[in-house]
There are 2 protein chains.
Amino acid sequence: MEKETLLKNLGARKREIRNMMGISQKQLAHSIGKDQQSVQRLETGNINPTYYYLYEIADGLEVDLEVLIKRDGADSHG
Amino acid sequence: MEKETLLKNLGARKREIRNMMGISQKQLAHSIGKDQQSVQRLETGNINPTYYYLYEIADGLEVDLEVLIKRDGADSHG
DNA sequence: ATGTTGTACAACGGATATGTTGTAATTGAA
DNA sequence: TTCAATTACAACATATCCGTTGTACAACAT
């Protein structure tokens, strides 16, 4: 899978989860000590985030990191 | 969970999988167009890798990204 | 028009990931 | 000893992540 597509998918999934929680980018960001802009960049797929950053985001969304990752490579090996 | 611990766990899990496959760091690295040194740094937990880098590594190990991630935040939300 | 909220982009600086080269320690074989 | 394979660390250059500030647009309300 292409890098760009992968990152866009990740961002879209994160946004879905956040919307389901009914919180804004700013609320999510502040709950983990970050800025709205930092969270926004991930959500639009404009950056390739680090592992620990994703871990913090998952924490803010109150889901396991697994949930945030899930589905992207799902049909390639399983 | 602390950043350092998280990264060490990730590296250890990757090494486990690689050893189970019976391939060297060099073999894994070359299978995805990388150097042994680059792979080594992840395995020792000395770096905080990017999402796409982990995706490539998972591809080289022929597992889903989920498998590489699993367990680190497992008891915090589920 | 003004204010508030939510989202998006640009630019800057410091920190760091990645690719690369070089090197060293260990193990095993000849 | 010599040679090869595996793993580890250091240092450098380039790219980019992340934090931060400033800004812009849309929707909604007063």
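Residue numbering restarts at 1 for every chain, and letters A, B, ... go by the order of the sequence lines.
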Pairing partner of D/dA29, by Watson-Crick or G-U wobble and under 3.5 Å for both distances, is C/dT2
Please determine, for the side chain of B/Q25, which listed nucleotide (D/dC9, D/dT7, D/dT20) has the closest atom?
D/dT7
Does a side-chain N or O of B/N48 approach OP1 or OP2 of C/dT16 to a distance below 4.0 Å, or not?
no
Roughly how many Å is it from CG in B/L28 to P in D/dT6, rounded to a whole number?
13 Å
Looking at B/R13 and A/Y51, what are the two nearest heavy atoms and their distance?
NH2-OH, 3.8 Å
B/V39 and B/K26, any side-chain heavy atoms less than 4.5 Å apart
no
Given D/dC17, C/dA11, C/dG19, identify the nucleotide with an atom nearest to the side chain of A/T50.
D/dC17
Side chain of B/Q37, base of C/dG22: donor and acceptor closer than 3.5 Å?
yes
DNA chain C nearest-nucleotide lookup for A/E43 and B/I47: closer to the 5′ end is A/E43
Rounded off to whole Å, could you give me the NZ-to-C1' distance for the A/K3 and D/dT16 pair?
8 Å
With the side chain defined as heavy atoms from C-beta on, B/Q40 is closest, among D/dC18, D/dC9, D/dA11, to D/dC9
Answer with yes or no whether B/Q36 presents, from its side chain, a donor or acceptor under 3.5 Å of a partner atom in the base of D/dA8.
yes
Rounded to whole angstroms, how far apart are CG on B/N46 and P on D/dC9?
6 Å
With a non-hydrogen cut-off below 4.0 angstrom, is A/K34 in contact with a base, only sugar-phosphate, or nothing?
sugar-phosphate
What is the separation between atom NZ on A/K8 and atom P on C/dA8, rounded to the nearest whole Å?
11 Å
Atom pair distance, as rounded to whole Å: CG in A/L42 and P in D/dG19
11 Å
Closest to the side chain of B/R18, out of D/dT7, C/dT20, D/dC9, is D/dT7
What is the distance, to the nearest angstrom, from the CG atom on B/D35 to the C1' atom on D/dA5?
16 Å
Rounded to whole Å, CG of A/L7 lies from P of D/dC17 at a distance of 8 Å
As a test of reading the structure: which of D/dG22, D/dC18, C/dT18 is closest to the side chain of B/Y53, going by heavy atoms?
C/dT18
Would a distance-only check, ignoring hydrogens and angles, find a side-chain to backbone donor-acceptor pair under 3.5 Å from B/T44 to B/Q40?
yes
So for atom CD, which belongs to B/Q27, do other residues, nucleotides or ligands contribute more than 12 heavy atoms lying within a distance under 6.0 Å?
yes
Short side-chain N/O contact from A/R41 to OP1 or OP2 of D/dT20, under 4.0 Å
no
Any B/L7 side-chain heavy atom under 4.5 Å of B/I47 side chain
no
Tell me the interatomic distance from A/N19, atom CG, to C/dG6, atom C1', rounded to whole angstroms.
11 Å
Is the shortest side-chain heavy-atom distance between A/L54 and A/L10 below 4.5 Å?
yes
Would you please confirm or rule out a distance under 4.0 Å between OP1 or OP2 of C/dG19 and any side-chain N or O of B/S38?
yes
Of the candidate nucleotides C/dT18, D/dG19, C/dT7, which contains the atom at the shortest distance from the side chain of A/S24?
C/dT7
